[in-house]
Amino acid sequence: MKVSPPRSEAELLERARAIAGLSMAELAARLDAPIPAQARRAKGWAGQLVETALGATAGSRPEPDFQRLGIELKTIPVRPDGRPLESTYVCTVPLEAAEVGHWEAAYIRHKLARVLWVPLVGEAGGHPAERRIGAALLWSPDPAEDAVLRADWEELMEQVCLGRVDTLTARHGTALQIRPKAADSHARRRGVGASGAPEAMLPRGFYLRAGFTATLLARRYALGGGQ
DNA sequence: GAATGATCATCA
DNA sequence: TGATGATCATTC
């Protein structure tokens, strides 16, 4: 089944409302999509299905999911109490010095400028198909959140630029962290080595910590309704 | 291969 | 139990 891109923010939010309350199994049935037999084979399945249902366009290209609207779509697994089960992948970490600029122009900042969060409610360890689609939240970082992200990004990217990627672990950063992001631990990309010269290294990704996304998802209740 | 979509498996 | 590092599927 093919869904056309939403023409407006209102249309996107209406579509998100329309699928809220469905289980992922029910959404899969509507879209005539198969359900992976094993949970460990289903990484990314829910996210891609919700993309299809809402009419996202980017596929695996480095573009916003809703290009015309400048909105990024993120599904996020949450417990029934609303707390995220996992951290959230954002984008690849630029490992070559030439790619690094300043926060205002950073790709990750662009990517997080406007995000439609779609919670998928379920228990830890449950099959993704059993999760239920929650109420979506269209979010932009407030000044405090932007400041936190910026501070983390500057600290982390300084290390990258200095060729200290190998000393960076997921323990750095209060909201944003850097973790491996690859098919396996043998994958290699070009980056700034310890000597300052280009060197092959493990690709990394930026992830939002669960504590950060928990707070941002909770904001809707604090403000009395979100969207 | 490298980007997207993420969750799994393990250990502190 | 939660966080870290490793891994899985799909697309371009």
Side-chain angles (χ1 to χ4, degrees), chain A residues 2-3 5 24 27-28 31 33-67 71-96 99 107-108 110-112 115-131 133-134 136 152 156 165-191 200-215 217:
Chain A
K2 173 77 174 171
V3 178
M24 285 307 300
L27 183 64
L31 297 174
I35 296 171
Q38 308 168 58
R40 71 185 304 271
R41 302 269 182 201
K43 297 181 186 182
W45 173 76
Q48 288 168 356
L49 216 51
V50 172
E51 279 188 348
T52 301
L54 298 181
T57 51
S60 68
R61 284 161 299 187
E63 292 172 5
D65 295 301
F66 303 101
Q67 191 175 23
I71 295 174
E72 180 74 17
L73 173 66
K74 291 275 173 218
T75 58
I76 182 166
V78 299
R79 298 181 185 79
D81 68 5
R83 296 274 310 175
L85 287 167
E86 299 280 353
S87 55
T88 302
Y89 169 70
V90 182
C91 61
T92 300
V93 176
L95 295 175
E96 299 198 76
E99 303 176 72
Y107 176 61
I108 184 173
H110 244 104
K111 197 131 193 182
L112 292 176
V115 179
L116 183 69
W117 296 95
V118 178
L120 300 179
V121 186
E123 302 287 354
H127 191 289
E130 295 165 358
R131 293 182 180 156
I133 301 170
D152 284 342
L156 294 167
V165 179
D166 54 346
T167 68
L168 279 179
T169 73
R171 291 167 183 83
H172 296 87
T174 62
L176 198 61
Q177 62 182 174
I178 285 182
R179 306 219 305 269
K181 170 64 173 174
D184 56 56
S185 60
H186 303 301
R188 288 295 180 268
R189 287 221 58 187
R190 216 174 162 71
M201 56 184 69
L202 182 63
R204 315 296 166 107
F206 283 118
Y207 293 78
L208 294 175
R209 293 184 181 279
F212 181 80
T213 50
T215 304
L217 289 174

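Numbers restart at 1 for each chain; the letters A, B, ... are given by sequence-line order, proteins then strands. Atoms considered below: every heavy atom in the structure, side chains included; atoms not considered: hydrogens, waters and symmetry mates.
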**Q** Which part of the nucleic acid, if any, lies within reach of A:Pro77 when heavy atoms closer than 4.0 Å are counted: base, sugar-phosphate only, or nothing?
**A** sugar-phosphate
**Q** Just compare C:dA9, C:dT7, B:dA9 and give me whichever is closest to any side-chain atom of A:Tyr207.
**A** C:dT7
**Q** Let me know the distance between CG of A:Leu202 and P of B:dG1, rounded to the nearest Å.
**A** 14 Å
**Q** Just N and O in the side chain of A:Tyr89: are any of them under 4.0 Å from OP1 or OP2 of B:dT7?
**A** no
**Q** Between A:Lys74 (NZ) and B:dA6 (C1'), how many Å, whole number?
**A** 8 Å
**Q** Could you tell me the separation between the CG atom of A:Leu85 and the P atom of B:dA9, rounded to a whole number of Å?
**A** 15 Å
**Q** Could you tell me how far apart A:His172 (NE2) and C:dA3 (P) are, to the nearest whole angstrom?
**A** 17 Å
**Q** Contact list please: residues 176-186 of chain A against DNA chain C, heavy atoms, distance less than 4.0 Å, in numerical order.
**A** A:Gln177, A:Arg179, A:Pro180, A:Lys181, A:Ala182, A:Ala183, A:Asp184, A:Ser185
**Q** Could you give the CD-to-C1' distance, from A:Glu51 to C:dC12, as a whole number of Å?
**A** 14 Å
**Q** So if I take every side-chain heavy atom of A:Tyr107 and compare against C:dA6, B:dT4, C:dT4, which nucleotide ends up nearest?
**A** B:dT4
**Q** Closer to the 5' end of DNA chain B via nearest nucleotide, is it A:Glu72 or A:Gly126?
**A** A:Glu72
**Q** Could you state the atom-to-atom distance from CE of A:Met201 to C1' of B:dA2 in whole Å?
**A** 16 Å
**Q** Are any of A:Arg41's side-chain N or O atoms less than 4.0 Å away from OP1 or OP2 of C:dT10?
**A** no
**Q** Once side chain to side chain donor-acceptor pair (under 3.5 Å) is applied, what residue pairs with a partner in residues 71-87 of chain A remain, sequence neighbours excluded?
**A** A:Ser87-A:Arg179
**Q** Between B:dC8 atom P and A:His127 atom NE2, what is the distance in whole Å?
**A** 9 Å
